Amino acid sequence: MSLISLVGAGRDFGLRPLFDGLDLHVGERERLGLIGPNGAGKSTLLKVLAGEEPLDRGERRIAPRLRVVRMEQEPATDPQATVLETVFAGGGERLELLREHETLSQQLANGGADPALLGRLGDLHRRMDDLDAWGLEQECREVLERLGVGDGQRRLGDLSGGNRRRVALAAALVASPEVLLLDEPTNHLDADGVEWLQHWLERFSGALVLVTHDRYLLDRVTRRIVAVERGEARAYEGGYGRYLEQRAAEDAAEEAGAARLRGTLRRELAWLRQGPKARSTKQKARLQRIEALRQMPARQGRGTVVMAATAQRLGRRVISADNLAVAVGERRLLEGFAYDFDPEDRVGIIGPNGAGKSSLLEVLAGRRAPAAGQLEHGGTVKLAYFDQHSEVLLGGGADRAGERKVIDVVREAASRVAVDGQELSASQLLERFLFPPAQQHQPVAKLSGGERRRLHLCRLLIEAPNVLLLDEPTNDLDVHTLGVLEDFLDDFRGCVVVVSHDRWFLDRTVDRLFCFEGGRLERFEGNYSAYLERQAQREAARPTAPATPREASRGPAIADAAASSAPSPAPAPAPALRRRSYRENRELEALERDLPSWEGRRAELEAALAAPSGLDHGVLESHSHELAELIERIAAAEERWLALSEMAA
């Protein structure tokens with residue numbers, strides 16, 4: 001049964017269509033993911049599904065009495081309301097039942113044992129039992145705790161933007177509507193919060209439409225992907241991994257079709273250039289065909305950010321930390337951190353919100369003084385810091401942000417830059433980052449969150465750094481740009497230190513983790529999936545505590561989600577999705593380069609030893625010893641190559 005249907009739907013943004021001719025049906029227990037470049041219309045499509053924005057063309061159909069809840073990226077909240085009041089107000093039907101129960105109870109207290117009121121109260125109790133309305137307040141507190149919002153009595157006006165987003169997400173989850181629309185729900189959640197949210201959504205009984213850059217969440221939760229791009233919306237069955245396979249096949253088919261079209265047009269034009277006699281037969285029909293081929297609209301290429309590494313040379317000495325302490329005010333966040341960063345380090349920093357990840361990155365960048373200890377930068381270090389809020393875009397301050405143009409941000413760093421042996425102007429570089437000339441002279445203030453992050457990346461890379469400190473770089477970036485950024489980091493010759501909750505990004509880009517635990521950093525060799533596997537093994541080795549009476553009395557959806565929020569033997573990123581780290585990619589490349597030469601040398605040695613003319617005894621012994629070592633080396637290398645090849649790129 002379809003709950004919400006869009007038929008022939010079209011919506012424009014000025015003169016540009018966001019989507020057109022769209023047929024989209026959201027059925028019961030739907031698991032739909034929306035993806036596409038920043039500005040393509042994903043958030044607008046969510047608003048149309050929610051009935052908050054009209055269509056320019058087509059129609060929207062909705063089932064009667066359907067309850068739809070949408071969590072937006074920048075939620076509007078009452079600054080005077082408390083956290084708990086805001087989440088409690090999202091209780092929907094259960095909140096209405098609690099209020100009705102309070103009213104009936106008051107009437108019975110004032111008017112005596114009225115049989116009619118007692119009957120209504122009995123029916124109300126049964127409905128409240130069915131919906132587990134009794135535990136609504138406790139449920140609100142538990143969801144807030146899982147999402148990292150502790151004090152339920154604080155007013156929203158006193159919270160940071162990230163905390164207000166988490167409160168809005170909690171209210172949407174507690175509402176438990178028939179259709180839940182979530183717009184980038186993982187922004188500002190730490191890794192544990194994302195894990196818990198994934199388990200909650202897997203058990204959610206309603207329909208879900210999800211916009212997120214978290215590719216593990218897309219792959220594990222969704223069963224259908226709709227790609228919104230270039231005024232079109234295409235549906236793909238399966239999760240994100242299946243979408244990638246279908247998209248690759250589609251791209252290959254489009255390229256083959258374009259090649260055939262070019263070949264046909266080339267042959268027809270060659271015929272046209274011949275003399276009149278040679279092309280007299282069916283001349284009119286062929287001329288019409290050539291004109292039709294030439295006027296066929298070329299399928300517009302998918303907009304893809306182009307990033308190229310232009311790092312300056314980096315010496316052996318990068319960043320040295322000795323007995324480092326980090327504090328915010330009087331509160332010590334980290335003690336005794338000592339580490340010498342390597343020129344090719346790929347380090348991830350993880351931990352709960354408020355643990356001190358961003359503060360540590362600011363200390364490493366030299367933006368915050370350490371509370372104790374020593375920090376030294378090498379003489380060849382050219383450091384670039386990618387902060388969460390893209391403060392560099394403010395330039396002279398927030399008062400200038402409204403007048404500062406996009407191209408000004410890049411020109412302040414450099415008017416021209418050499419990329420891949422080619423000198424580019426600031427305008428040409430911006431075009432590589434999907435800012436067309438018309439947009440380059442717009443104020444920065446008019447850019448979307450994702451476009452600002454893309455502009456920040458462009459500004460950062462034009463400075464040709466050799467050390468990158470990235471603080472939550474995946475926030476607000478679309479999945480296509482994230483893939484390009486990951487490819488860029490694969491090729492980047494320098495040191496990368498990243499704070500992120502994005503599990504896919506961490507798996508793809510780092511091979512060492514520093515984990516905040518109790519005011520210290522625990523070092524772990526490997527990427528995030530390997531770290532989760534170790535945590536799951538540790539948890540499995542611990543004795544299981546019996547369920548408390550409170551846990552046993554909870555509603556099924558929240559009880560299951562709460563139980564699964566602890567580390568479990570089946571973490572979100574399945575072992576099958578284990579991705580090669582930066583160093584493992586380099587190792588695989590080296591093996592693919594070295595194995596053929598080793599095989600060639602092996603063949604030479606075997607041929608020499610098998611030759612009928614005898615070899616000198618010393619040469620024979622040397623060749624035999626070399627061959628034995630080479631056979632062992634090749635066998636080990638082939639086994640390692642096979643293991644690395646089975647991982648995702």
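All values reported here derive from a predicted model rather than from experimental measurement.
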For the ring pair (Phe, Tyr, Trp, His ring centres under 6.0 Å) test, which of W504, Y240, F505 pairs with Y216? W504

Would you confirm whether K42, through its side chain, and P37, through its main-chain N or O, come within 3.5 Å as a donor-acceptor pair? yes

Show which side-chain atoms of residues 317-328 pair as donor or acceptor with protein atoms under 3.5 Å away, not counting sequence neighbours.
unit_1 : atom_1 : unit_2 : atom_2 : d
R317   : NH2    : E376   : OE1    : 2.4
S320   : OG     : D340   : OD1    : 3.1

Any donor-acceptor pair under 3.5 Å from Q440 side chain to S427 backbone: yes

Flag side-chain contact, heavy atom, 4.5 Å: Q442 against E451: no

Under 3.5 Å side-chain donor-acceptor pair for Q246 and R234: no

Any side-chain to backbone donor/acceptor pair from R459 onto V409? Under 3.5 Å, distance only. yes

Plane angle bin for F488 and F492 - parallel if under 30°, tilted between 30 and 60°, otherwise perpendicular: tilted

Side-chain (T186) to main-chain (L189) donor-acceptor, under 3.5 angstrom: no

Which residue pairs satisfy the side chain to side chain donor-acceptor pair (under 3.5 Å) criterion with at least one member in residues 359-371, sequence neighbours excluded? E362-R368

Would you please name every residue forming a side-chain hydrogen bond (donor to acceptor under 3.5 Å, both in side chains) with D478, sequence neighbours left out? T481

Backbone of T380 reached by a side-chain donor or acceptor of N466 within 3.5 Å: yes

Backbone of D12 reached by a side-chain donor or acceptor of D56 within 3.5 Å: yes

Under a 3.5 Å distance rule, please check whether D183 uses its side chain to pair with a backbone N or O of S43 as donor and acceptor. no

With no hydrogens and no angle check, is any side-chain donor or acceptor of K357 less than 3.5 Å from a backbone partner on C515? no

